[in-house]
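What follows is a set of notes on a single structure, which appears directly below.
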Amino acid sequence: MLTLKVINENSEEVVRKLAKKHFDAKDIIDQIINLDAQRKSSQTMLDNTLAKINSLSKSIGSLMKEGKKDEAAAAREEVTSLKESSAVYNTDLKEVEEKIQELLVIIPNLPDESVPEGKGADDNIVERSGGTIPALSSEAMPHWELAKKYDIIDFELGVKISGAGFPVYKGKGARLQRSLINFFLDNAREAGYTEIQPPYVVNSASGFGTGQLPDKEGQMYHAEVDDLYLIPTAEVPVTNIYRDVILEEKDLPVRNTAYSACFRREAGSYGKDVRGLNRLHQFDKVEIVCIEKPENSYNRLNDMVAYVQTLVEKLELPWRILRLCGGDMSFTSALTFDFEVFSAAQERWLEVSSVSNFESYQANRLKCRYRDESRKTQLCHTLNGSALALPRIMAAILENNQTPEGIRIPKALVPYCGFEIID
RNA sequence: GGAGAGAUGCUCGAGUGGUUGAAGAGGCACGCCUGGAAAGCGUGUAUACGCCAAAAGUGUAUCAUGGGUUCGAAUCCCAUUCUCUCCGCCA
């Protein structure tokens, strides 16, 4: 969430920037500024009252020692009445703080100046692209048919065991999955990321820290008995490592990578988008998470994008990078680059990675700070990206590399798989 | 799951109702000392929010978390969470 400081000091800029996300912030910002003024005055009143109570209480102690019982009793009475008013101020303060919080939480992050105007996916800008789209024969099959033909992914079996969106990978399909995970983790490690194995369920404080709660509660699986949430991405546990943490400047940048299964309810999705591997309730992903000094965060973002590019290149997939427009960006992001690979039989671009700079928006929720040169604490910037999400990579590999003899495995993966072809 | 013990600052650790934001030790930082280092000596060492134009300063809150008792709570009471020990179960 945004800081009160930013809202108070740059309210016009905040409203202007949020317009790019098609969020009309004028009223909310005004409300917050008013509430914040109330908050300050309530706090001042409360503090002054408490200060009086404290000093009177102390004097009672010494009056009792000196045997001045009457004076002590008088002080006691005064404290009693002060306590009544302090309770009122305290209630006021809590109420106003809650209201501010409720409003802060519904304001999206400010988009960076470089974010293009636009309403939706059609307005995203292609930054660059590479690879070649293969020319497939007219008998080319989409990946869900290939999966059946070679018996490597069983969607119906997943329905039987769990439900739609929980495929069962078998034989070379399962091995290819495992190979991709190792390939991604090894590449990340070589690029300087520290490997983390996080929990796959998190508490609500973690869900709040990264922004899934309270607004996206319906998108997570919730184990109610223990009040734990299945993670929708490793971003949640890995970023929450740094919740309520003050880092030293020398600790930055933090660069972590983690593999996890990801669980998403995907309530409201339907149609061709969800066919086959295109959208699942459980899928595998390797994530990269960085924490940076504010002045370095956009360089870091570029590094992360460049790194993800090396992955799609090594996998020999046709790829493109999109700079998301204001209307297509996530709530919490300041700047996002999406990676898409072309799935040649479906003839569609599939999003396989989303790399974002959240600036201090997430860090403010997390209370992730660092001590700068002058030993002052200030909010870090957080960034993350998929590197990469497996199912759509799998879909593209299967479709793009299909031949009459079978499905050819990209060279870079062969050492991981132990086979060159699925036949 | 059952029984018991516990949770204090960066760490260890004292503190069972009244200048305790918190003794003492260690660590760390800076300074002195030294040719340099060690030792020694000295100083400093939380966070958040208010007040103040700002610095200086100062107020409030925080001794796991949330409530309660009291003029006053790290200290007493209740609930929750977590940790440890023993028993049970177990990949």
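Throughout, protein chains are lettered first and strands after them, A, B, ... in sequence-line order, and every chain is numbered starting at 1. Only a predicted model underlies this, so the values are computations on that prediction, with no experimental measurement involved.
- For the pair A:Lys5 NZ and B:G50 P, the computed distance is 11 Å after rounding to whole Å.
- Rounded to whole angstrom, the span from the CD1 atom of A:Ile53 across to the P atom of B:C71 amounts to 12 Å.
- Atom CD of A:Glu78 and atom C1' of B:G72 are 15 Å apart (whole Å).
- Within 4.0 Å of A:Leu46, counting heavy atoms only, lies no atom of the nucleic acid at all.
- As the counterpart of B:A14, no nucleotide is assigned, since no Watson-Crick or G-U wobble pattern has both distances under 3.5 Å.
- Rounded to a whole angstrom, the distance from the P atom of B:U75 to that of B:G9 is 14 Å.
- Distance noted for atom C1' between B:A5 and B:C90: 25 Å (whole Å).
- Across B:C49, B:C71, B:G50, the shortest atom-to-atom separation from the side chain of A:Ile60 is found for B:C71.
- A side-chain donor from one of A:Arg243 and A:Ser206 sits under 3.5 Å from a side-chain acceptor of the other.
- A:Asn54 has a side-chain polar atom (N or O) that falls below the 4.0 Å cut-off from OP1 or OP2 of B:U60.
- Taking atom P on both nucleotides, B:C63 is separated from B:G57 by 25 Å, rounded to a whole Å.
- At a threshold of 4.0 Å, the pair A:Lys314-A:Glu190 does not count as salt-bridged, since none of the basic side-chain nitrogens sits closer than that to a carboxylate oxygen.
- In this entry B:A91 has no Watson-Crick or G-U wobble partner, no candidate having both defining distances under 3.5 Å.
- Backbone-only engagement by A:Ala51 is indicated by non-hydrogen atom pairs under 4.0 Å involving sugar-phosphate atoms exclusively.
- B:G21 makes up no base pair with any nucleotide shown, lacking Watson-Crick or G-U wobble contacts both under 3.5 Å.
- For A:Leu50, counting side-chain heavy atoms from C-beta on, the closest listed nucleotide (B:C49, B:A61, B:U47) is B:A61.
- Taking the P atoms as reference points, B:A46 lies 16 Å from B:A29, given to the whole Å.
- Under 4.0 angstrom from either OP1 or OP2 of B:A46 there lies no side-chain N or O belonging to A:Arg371.
- Ranked by how close their nearest RNA chain B nucleotide is to the 5' end, A:Asp47 and A:Arg76 are led by A:Asp47.
- Among the protein residues, A:Asn48 comes within range of no part of the nucleic acid, since none of its heavy atoms lies under 4.0 Å from any strand.
- Nucleotide B:G17 holds its P atom 19 Å from the NZ atom of A:Lys58, rounded to whole Å.
- In this entry B:A48 has B:U60 as its Watson-Crick or G-U wobble partner, both defining distances falling under 3.5 Å.
- Close to B:C28, at under 4.0 Å from its OP1 or OP2, lies no side-chain N or O of A:Lys250.
- Across the protein-nucleic acid pair, A:Asp244 atom CG and B:C10 atom P stand 12 Å apart, rounded to whole Å.
- Remark: the separation of the P atoms in B:C77 and B:U20 is 24 Å, to the nearest Å.
- Atom-to-atom, NZ of A:Lys376 to P of B:A46 comes out at 15 Å; the value is rounded to the nearest Å.
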Quiz item: Passes salt bridge (Lys or Arg N to Asp or Glu O under 4.0 Å), A:Lys285 versus A:Glu287? Steps please.
Solution: CA-CA 6 Å; A:Lys285 180 160 64 63; A:Glu287 185 79 0; 2.6 Å; yes

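- Atom C1' of nucleotide B:U60 and atom CD of A:Glu97 are separated by 12 Å, given to the nearest angstrom.
- Between the A:Asp372 side chain and the A:Lys376 main chain, a donor and an acceptor come within less than 3.5 Å of each other.
- The gap from the C1' atom of B:G21 to that of B:C10 amounts to 16 Å, rounded to the nearest Å.
- For the atom pair CD1 of A:Ile181 and CG of A:Leu390, the computed distance is 5.0 Å after rounding to the nearest 0.5 Å.
- B:A38 is unpaired under the Watson-Crick or G-U wobble criterion, no partner having all donor-acceptor distances under 3.5 Å.
- Distances shorter than 4.0 Å separate some side-chain N or O of A:Arg39 from OP1 or OP2 on B:G50.
- Proximity of A:Lys83 to the phosphate of B:G72: a side-chain N or O atom is located under 4.0 Å from OP1 or OP2.
- Within the structure, every side-chain polar atom (N or O) of A:Ser57 is placed at least 4.0 Å from both OP1 and OP2 of B:G17.
- Here A:Thr377 lies in heavy-atom contact (under 4.0 Å) with sugar-phosphate atoms only.
- For A:Glu117 and A:Lys20, the salt-bridge test fails: no basic side-chain N is under 4.0 Å from an acidic carboxylate O.
- Of the two residues contacting RNA chain B, namely A:Lys94 and A:Arg369, the nearest-nucleotide position lying further toward the 5' end is that of A:Arg369.
- In a base pair of the Watson-Crick type (N1 to N3 plus N6-O4 or O6-N4) or a G-U wobble (N1-O2 and O6-N3), with each distance short of 3.5 Å, B:U43 is matched with B:A29.
- Crowding of A:Lys52 atom NZ: a count of heavy atoms from other residues, nucleotides or ligands under 6.0 Å not exceeding 12.
- Aromatic ring pairs are classed by plane angle as parallel below 30°, tilted from 30° to 60° and perpendicular above 60°; the pair A:Phe166 and A:Tyr221 is tilted.
- For the P atoms, the distance linking B:U19 with B:G24 amounts to 16 Å, nearest Å.
- The CD atom of A:Glu71 sits 19 Å away from the P atom of B:C71 (whole-angstrom rounding).
- Searching all strands for a Watson-Crick or G-U wobble partner of B:U75 with both distances below 3.5 Å returns nothing.
- B:C32 and B:A25 have their C1' atoms separated by 23 Å, with the value rounded to a whole Å.
- Of the nucleotides present, B:U83 is the one that pairs with B:A5 by Watson-Crick or G-U wobble criteria, both distances under 3.5 Å.
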